[in-house]
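Note that the structure is predicted; figures quoted are calculated from it, not measured. Along the sequence shown, residues carry numbers from 1.
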Amino acid sequence: MDAQSYSTALADLRTVRDQIKKTRAALAKQEADRDKLIIQLASYAKAKAERVAQAAGLGMADVVALAPALAPDSLATHDTPQPSTAEPSTAQATPVAAPPPPQQVAAAPVMTAAARPAPAEPEAPQVPAAAQASRDLPSIPAGSSGDAWLTATPGLASTRPNFTQQARSTVFLDTITGILVHRNQTHHLDLADRSAADILTAVFRTVPDGVERIYITAGDPWHRDADRYPYLRDAVAAWLNAPIPGWRTDTGRGRDRMAGHFVHARNPVGRYQRDNSDHHVEIRSVGEWFDVDGDAPHIVRDAFVLLWQALRRHWSDAVLMGSPSQTGRDLWTRTIPTRGQHAEGFPVLSEELRGLLHATAGQGRNELITPPRVPEQLPQLVEYDRTFAYAKHTWKSPVGTPRRITAHTFAAWSEKEQMRALYGCGHWHVRVTVPDGWNHVGLLPAPAPGDRAWHYPAEPGTTFTTWAGGPEIHTALTNPIQPWKIEILDGILWEDGKPLDDWAKKLKETWTNLSAQAHFQGDAQQARAAHLASRAVRAILLYGIGSFAQRPRMVTGTTPRPLERDVPPDAEIIGFDDELITWQKPTGFARDPNAHPEWAAAIWSGARAALLTQRHRDDNTYAGALHTPPGTVVAFRTDALYLTQPHDWPYHHQPGDYLLRGHLTGPVTAPTTEEELLTLRDTGRAALTAEKEA
């Protein structure tokens with residue numbers, strides 16, 4: 001680029017900037033007009049929140065937040081609406097009395113028990129605004145009604161399958177170049193404007209009708225009209241739902257029945273079926289399995305072949321399904337014992353208890369710590385990433401139906417019994433007080449405003465009520481700096497077991513073997529394929545664990561614009577054009593025999609605790625955020641730490657080890673948004689790579 005081109009591009013950039021500002025201003029005005037109309041409609045005595053939400057294209061909770069008079073009767077006992085209509089009804093809390101003033105923090109681990117349900121938060125000056133405005137978390141009802149939650153769902157348990165999964169004929173397509181790889185053959189397709197219709201037409205003009213899965217390796221064709229829509233999901237929904245002559249939306253079949261399209265901003269799934277035929281086909285993104293970096297389709301194909309071969313060494317009937325989460329759960333079911341204690345399967349918790357875990361057990365810790373808690377100019381920015389982190393925490397998991405540990409029961413135990421329980425497989429309702437003099441990061445998650453949002457209070461004297469897993473509670477009580485005050489309000493305690501241990505060990509061995517192939521393989525393309533395959537194993541375990549959580553299901557559908565009144569009253573409109581309205585609605589929990597949110601919750605809790613402190617027995621040392629000086633932790637991001645100085649933590653290529661991923665020398669302006677953090681992360685990784693290659 002020469003100087004003239006540079007000046008022209010700058011002028012064009014300013015024009016685009018001004019257009020964006022005008023568009024945002026126009027959008028803000030339209031949203032304000034919409035909100036005024038909603039408030040105006042609320043003055044009508046017979047106005048219904050679901051009808052207003054449908055007309056506005058908003059969720060019902062958003063409408064009620066604007067016009068509280070529209071709140072349905074089931075929410076009338078609350079001062080503010082629940083943050084999402086997708087939450088199960090069992091996850092609604094009941095207001096109770098305020099707690100007594102916090103007691104003095106002791107110098108040793110402090111555990112007390114309260115006989116009352118979880119109280120409301122005190123409006124003390126030291127409590128951060130975010131904590132005061134936080135959403136309520138559910139609690140277990142007192143008495144027999146609450147005890148009934150701790151029973152298994154009748155007739156529902158995870159058992160070993162008595163069938164073999166059928167492999168799907170698969171092709172790999174680069175929609176930028178038009179290169180299609182089918183088995184050992186390579187074809188060049190004309191994809192026209194890359195619509196789903198063009199892709200299906202071109203693929204089945206070239207390869208046999210038996211193809212059932214099309215992986216897109218590059219091009220993201222569902223984003224082709226993204227500039228026409230305010231959100232990527234709208235563009236994706238329009239791409240998936242565009243009419244295709246000779247095809248209709250798949251309604252599902254077989255044991256792995258999956259009906260309808262899956263609308264996702266980055267990795268959607270299009271499911272289609274030929275008219276008057278039982279031929280089914282999926283269009284999926286390979287990004288579900290691993291990130292590609294310009295890799296040709298044949299390298300991606302080789303990665304899947306290597307993955308399948310590696311898994312077959314541990315599972316003779318292993319089949320790669322459409323997604324890593326489906327594959328992970330299918331492989332796990334094939335490790336369920338046929339003899340012994342769990343030969344009859346692992347029982348599924350009651351829907352009420354699954355709803356409680358869904359509402360109170362968060363996943364990864366994502367927190368950005370900004371000035372003045374860190375310097376405005378960071379001396380460095382160092383990224384440590386826990387390798388294959390979740391695999392470190394699968395050795396022990398809760399099994400069977402739990403028992404309830406009330407505050408009274410917990411208080412009656414000896415200190416040894418209390419610590420043993422907190423170190424076991426449990427989920428605890430607690431009142432937490434940050435000790436005086438605390439000057440490091442927060443240790444326990446507290447509910448923040450927003451659906452399933454969490455923050456980590458660290459201000460001395462702050463008191464909050466939350467749910468947390470045993471590993472985090474144990475860390476808060478025994479951390480190397482100063483014990484926190486934990487008051488047990490209620491709890492759920494399972495027996496310790498190893499339902500995931502065999503599955504995880506096999507996946508870890510597979511990952512180790514593929515990683516070694518990637519390192520020692522002499523052929524660059526095969527080394528790259530092995531690396532991608534090792535990343536796919538990570539995805540199988542990571543998303544397999546996530547699939548155990550079994551969130552309440554969302555169904556996506558479309559309705560012609562002239563039939564707008566037929567949109568389900570509890571649906572949220574997520575997109576529309578001149579012909580169709582696209583909507584989604586929650587359908588509650590499916591009757592899934594492999595739903596085990598207690599396993600996912602235990603692993604996530606252990607991973608969050610290990611970000612704070614993790615012992616390396618062989619090296620007789622510790623790693624984690626609490627083993628850094630105060631004010632040097634910049635961010636947590638699921639299984640990564642961002643610090644202002646490097647640390648000599650041991651790394652042995654084992655799951656859970658802290659790997660140095662990026663190093664950016666300073667001074668570095670402290671990030672204040674996630675986008676700024678990710679930009680610095682990418683720059684730091686590139687800098688470290690360049691330093692190693694120099």
- side chain to side chain contact (heavy atoms under 4.5 Å, CB included) between Ile283 and Leu240: does it pass, once the steps are laid out? CA-CA 10 Å; Ile283 300 178; Leu240 291 172; over 6 Å; no
- Under the side-chain hydrogen bond (donor to acceptor under 3.5 Å, both in side chains) rule, what do Gln526 and Asp302 come out as? Steps first, then yes or no, please. CA-CA 8 Å; Gln526 285 299 300; Asp302 290 349; 3.2 Å; yes
- Message: As a quick check of understanding, evaluate side-chain hydrogen bond (donor to acceptor under 3.5 Å, both in side chains) for Tyr658 and Thr387, giving each step before the final call.
- Response: CA-CA 6 Å; Tyr658 280 89; Thr387 299; over 6 Å; no
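A donor-acceptor pair is defined here as one N or O able to donate and one able to accept, closer than 3.5 Å; no such pair exists between the side chain of Glu509 and the backbone of Lys506. The main-chain N or O of Ile199 is never found under 3.5 Å from a side-chain atom of Thr201 such that the two would form a donor-acceptor pair. Proximity of a side-chain donor or acceptor of Thr394 to a complementary backbone N or O of Ala391 within less than 3.5 Å is detected. Put simply, the side chain of Asp501 never gets that close to the backbone of Pro499: no donor and acceptor are under 3.5 Å apart.
Counting heavy atoms from C-beta outward, Thr335 and Leu331 have side chains that stay 4.5 Å or more apart. Using a 4.5 Å heavy-atom cutoff, the side chains of Leu641 and Phe636 are in contact. The closest side-chain heavy-atom distance from Trp604 to Arg365 is not below 4.5 Å. Inter-residue side-chain proximity for His427 and Thr360 is flagged as met; some heavy-atom pair is nearer than 4.5 Å. Contact of the Arg637 side chain with the Glu674 side chain is registered, since non-hydrogen atoms from C-beta on lie closer than 4.5 Å. The shortest side-chain heavy-atom distance between Arg213 and Val281 does not fall under the 4.5 Å cut-off. With a 4.5 Å cut-off on side-chain heavy atoms, Pro161 and Arg334 count as touching. In this structure, the side chains of Asn594 and Thr333 come closer than 4.5 Å at one or more pairs of heavy atoms.
Checked by atom type, the side-chain pair His652/Gln654 shows no donor-acceptor distance below 3.5 Å.
Tyr229 and His223 have their aromatic ring centers separated by at least 6.0 angstrom. Between Trp289 and Tyr543, the ring center distance fails the sub-6.0 Å criterion.
Taking the six-membered ring where the residue is Trp, Phe388 and Trp511 present tilted rings, their angle falling between 30° and 60°. The aromatic rings of Trp332 and Phe346 sit tilted, their planes meeting at an angle between 30° and 60°. Between Phe172 and Phe304, the angle of the ring planes lies from 30° to 60°, which puts this pair in the tilted group.
Note on Arg386 versus Asp657: no salt bridge recorded, every NZ/NE/NH1/NH2 to OD/OE distance being 4.0 Å or above.
Here the straight-line distance linking atom OG of Ser534 with atom CG of Asn513 works out to 11.0 Å at 0.5 Å rounding.
Shown here for Thr217 and Val286, the closest heavy-atom pair between the two residues is CA-CG1, 3.8 Å.
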